[in-house]
There are 4 protein chains.
Amino acid sequence: MTGTANETKGVDRTPRTARGTRTREKILRAAESVFAQLGYTEASIVRITEEAGVGQGTFYLYFESKLQVFEETVEDLNRRVRHAMSTAAAKGRNRIEAERLGFEGFFAFTAEHPALYRIIREAEFVSPRALKLHYSRIVDGYVDGLTKARDAGEIDTDPTVAAWALMGIGEMLGMRWVLWGDRADSGDVGPLAGETSQMPTEVLDEMMRFIQRGLGSRGAAAPDDREDQP
Amino acid sequence: MTGTANETKGVDRTPRTARGTRTREKILRAAESVFAQLGYTEASIVRITEEAGVGQGTFYLYFESKLQVFEETVEDLNRRVRHAMSTAAAKGRNRIEAERLGFEGFFAFTAEHPALYRIIREAEFVSPRALKLHYSRIVDGYVDGLTKARDAGEIDTDPTVAAWALMGIGEMLGMRWVLWGDRADSGDVGPLAGETSQMPTEVLDEMMRFIQRGLGSRGAAAPDDREDQP
Amino acid sequence: MTGTANETKGVDRTPRTARGTRTREKILRAAESVFAQLGYTEASIVRITEEAGVGQGTFYLYFESKLQVFEETVEDLNRRVRHAMSTAAAKGRNRIEAERLGFEGFFAFTAEHPALYRIIREAEFVSPRALKLHYSRIVDGYVDGLTKARDAGEIDTDPTVAAWALMGIGEMLGMRWVLWGDRADSGDVGPLAGETSQMPTEVLDEMMRFIQRGLGSRGAAAPDDREDQP
Amino acid sequence: MTGTANETKGVDRTPRTARGTRTREKILRAAESVFAQLGYTEASIVRITEEAGVGQGTFYLYFESKLQVFEETVEDLNRRVRHAMSTAAAKGRNRIEAERLGFEGFFAFTAEHPALYRIIREAEFVSPRALKLHYSRIVDGYVDGLTKARDAGEIDTDPTVAAWALMGIGEMLGMRWVLWGDRADSGDVGPLAGETSQMPTEVLDEMMRFIQRGLGSRGAAAPDDREDQP
DNA sequence: AATGAATGAGAGTTCATTCAT
DNA sequence: TATGAATGAACTCTCATTCAT
């Protein structure tokens, strides 16, 4: 139901004891960390198992291949980021508020787990399937919310197009202000530079104003009106 | 200032004859094609030189390393896509029209050279510097235009934030409708599936409506305007 | 025409210079020697390249895989043993004499290149195709000769069945008296014990008497008659 | 004298309970089956224990090593094939009839347990000792019978040489007509192709005629005799 | 008695780069 | 200028065997 397939290819790699489950978990966490630092290609099984503190062979007790952990890592992160977003968004009183809170959740998650962002980009070549699933799932969440909002007359845009636009805005601004932060102009923004920044409020405000008006939101009012509370 | 370093590291790798220049060019073109198909990691020097029809050793006559061709390829593509965009945009009579034409140029380029898109994503780990340069340069173009528009009172948004938002929208929608096209729902969107689609007009229309309103563009309150102010 | 396929799988591995040809040859000889000593499984690329005095990577310049060198080694040996056999047999004045000389050639070859025998046996699992080709080619030689002999009225047996019987006799007696020799009763007949023996004349005589009569050869005469010269 | 060493190397691996004996038996049967399908090298302990339905650790409760099960498997099969042969041969009224029945038993056994044939070939490198024991034991049986026949004046050949010749004929013809059968000409005769054929009567007839005459058997000048002495 | 967990040495193979011609 | 030859470090993955429960 959850996993990407852990029983494929003959051998059953499901842990059968509590100890095994713990070990598997350790490896998965180590993988996420290593992938985030080095990317898929540079990450090596040796490095992952070292970080997990287990022998090389142990890896293959619970995972089919490097690719499979990668996909599982992506799925795992995807699940978590969506959880973070929807939990945050649930507190919003209307679509726009929900959207803003959702983005806040997204940026906070990005700040804490830059892994997500980095990993996904390499998936383009490593596992197109994982890449597509990742974006599609997040977008589906947007589409749901936007469709309801449109049916309620809150906005007047095509939910699908708008959803992908939102996805793009979030990703690009997340990259620029959360991942790069102040180092945006220097050349030292590298995979190893793990420090992230918080999304500045002014940027978030401006971005939300853009989105709100873009969606044709009720209360989006005149050009200069930045708040919906009169 | 211009070149990505072709003179560094002792050896001078500049072609001295016309024949040399031609060979260098052949290799660069081959590299673009191979990177586009396989990504940076999977691409190999052997493959590139084969595709270029030269011997392996010849490669190092003109390039320092695999990384260097990669960066040069990115720069080259970046130059070309910006050219395509600005040429198209120049025909617009106002900011919004220019923006639409610019996007059309961008999507057309993407359709023809999916390389750009694919390559850039892997740069996240391969050469963060190249990645940042790429986005920043395109964004700079947006910022220029948007600043002028704002000063002219055409729009009322912060040019920088808006520029990155536009970049994100373009990239995400390009991925969804140009790169994936109809195959968006199936699992077979892979590096090898080289076919791209044209951006559908309805999507472009909807996207532009989103952007136009997002930017707070004067004239956004056109005939079919759905704003809530009576 | 000759080789098993050296151009398959994309990469062309044919040497292009004299130096390359020499290197390839060195590796092939080393492979034969290592396979003969250790068998396919225990033989390793490292061992082969060490014995050949080249780097590990060099191996893959000329061979696709361990399996491919193995098959090529088998083919090479097969060609050589058949050559040895037919050259020897050509001097015989009749079928029986030819057969005896052919066997002598076979046993001499086995004594000098125990590799052939050893290698072939493991092919059962490693490359059934190579195994079958090996036996079939030798048997084809027998069948040719026996068919002519039968048509000439020299013998009266079915050539195919007889050919396989001859193959079996030669192989088994070669193993017993050439490979094992005097060490037949001790336990130390191992892959590493490279020493072979000459086939004892008495055994060869007795074996030929068996074959000659088995084939229903003219002049095979009465039970005790061991020579065809009256 | 009997066992292949189950008590060596410190640890006693003899089953102490009926349950243990059953488990050991299960593993041995599984081993035979796996070895027959995959050969010694490809066979793995995991595979064997899976097929036996026991845990990996259990294996080492009853066997010292992979090599030891292999040797035991060979011995077991050897015992069984000799039993099959001698039982069949016992019904013969004279040496030639006994020989024919013995071969029939051998071919039938081969058809049912191709394992024997396959396994033995790899033993060349895996356990030369086991290989030699296997052949020697069968040959000893032949030698016994042939010696008696010679002393009784039934045949006039050297029992030892003839015995090895018979062994070779049986093995080669078994391979050709029982193991390969009709697939002899195609390339698909592989370890995985488990189907065997029955030895065709014509081939068996011809083979026996060859042997009978080869042995210089009295009564070889039977009705359909083709000897050249009028 | 029985088992899953764990290991590490070693296997085959790839590839960016340097060298000799 | 151009090229094929050569390399060795590094990678992913397998597996017989031992250990803890």
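Naming: A, B, ... by sequence-line order, numbering from 1 per chain. All figures in this text were calculated on a predicted structure; none of them were measured in a lab.
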Problem set entry | Cationic N near anionic O, under 4.0 Å, A:Arg29 to A:Glu25 | yes
Exercise. Are OP1 or OP2 of E:dT3 and a side-chain N or O of A:Thr17 less than 4.0 angstrom apart?
Worked result: no
Seminar exercise, completed: Per nearest nucleotide of DNA chain F, the residue lying toward the 5' end, B:Gly57 or C:Thr58, is B:Gly57
For this session: Find which nucleotide of DNA chain E each of A:Thr23 and B:Lys66 is nearest to by heavy atoms, and output the residue with the more 5' nucleotide.
Result: A:Thr23
Problem set entry | C:Leu38 CG - E:dA11 P separation (whole Å) | 11 Å
Exercise. Nearest-Å distance, CZ (D:Phe59) to C1' (E:dA2)?
Worked result: 15 Å
Exercise. Sub-3.5 Å donor-acceptor pair from the side chain of C:Glu124 to the main-chain atoms of D:Arg121, do we have one?
Worked result: no
Seminar exercise, completed: Residues passing the side chain to side chain contact (heavy atoms under 4.5 Å, CB included) test with C:Thr23, sequence neighbours excluded, are C:Ile27, C:Val54, C:Thr58, C:Tyr62
For this session: Check side chain to side chain contact (heavy atoms under 4.5 Å, CB included) between D:Ala30 and all other residues, then give those that pass, not counting sequence neighbours.
Result: D:Ile48, D:Glu51, D:Ala52
Seminar exercise, completed: Contacts of C:Thr41 and A:Gly55 projected onto DNA chain E by closest heavy atom; the upstream (5') one is A:Gly55
Seminar exercise, completed: Rounded to whole Å, CZ of B:Arg47 lies from P of E:dA16 at a distance of 12 Å
For this session: Remember a base hit wins even if backbone is also touched, and classify A:Ile45 as base, sugar-phosphate or nothing at under 4.0 Å, heavy atoms.
Result: sugar-phosphate
Seminar exercise, completed: Exactly one candidate in D:Glu71, D:Glu64, D:Glu72 meets side chain to side chain donor-acceptor pair (under 3.5 Å) with D:Gln68; the answer is D:Glu72
For this session: Using a 4.0 Å heavy-atom cut-off across all strands, classify A:Ala18 as base, sugar-phosphate, or nothing.
Result: nothing
Problem set entry | Test side chain to side chain contact (heavy atoms under 4.5 Å, CB included) applied to B:Ala123 - qualifying residues, sequence neighbours left out | B:Phe70, B:Leu131
For this session: Quickly work out the C:Gln56 CD to E:dC15 C1' distance and round it to whole Å.
Result: 13 Å
Problem set entry | Rounded interatomic separation in angstrom, taking CZ from D:Arg24 and P from E:dA1 | 13 Å
Exercise. Are D:Tyr60 and E:dA2 close enough that a side-chain N or O sits under 4.0 Å from OP1 or OP2?
Worked result: no
Seminar exercise, completed: Atom CD1 of C:Ile48 and atom P of E:dG12 are separated, to the nearest Å, by 8 Å
Exercise. Which heavy-atom pair separates D:Lys66 from D:Thr41 by the least distance, and what is that distance?
Worked result: NZ-O, 3.4 Å
Seminar exercise, completed: With a 4.0 Å cut-off (strictly under) to non-hydrogen atoms of chain C, the first and last hit nts on DNA chain F, 5' to 3', are F:dG4 to F:dG8
For this session: Output yes when D:Glu50 and D:Arg47 qualify as a salt bridge under the 4.0 Å nitrogen-oxygen rule, no when they do not.
Result: no
For this session: Calculate the interatomic distance between D:Ile27 atom CD1 and E:dA2 atom C1'; express it in whole Å.
Result: 10 Å
Seminar exercise, completed: Annotated structure of DNA chain F as dot-bracket, pair cut-off 3.5 Å, Watson-Crick or G-U only, | for inter-strand, is .||||||||||||||||||||
For this session: For D:Lys26 and E:dT3, give me the distance from atom NZ to atom P, rounded to whole Å.
Result: 7 Å
Problem set entry | Partner set under side chain to side chain contact (heavy atoms under 4.5 Å, CB included) for D:Thr21, not counting sequence neighbours | D:Pro15
Exercise. Between D:Ser44 and C:Arg19, which has a closest nucleotide on DNA chain F that is more 5'?
Worked result: C:Arg19
Problem set entry | Distance in Å, C:Glu42 CD paired with C:Phe35 CZ, rounded so as to fall on 0.5 Å steps | 12.0 Å
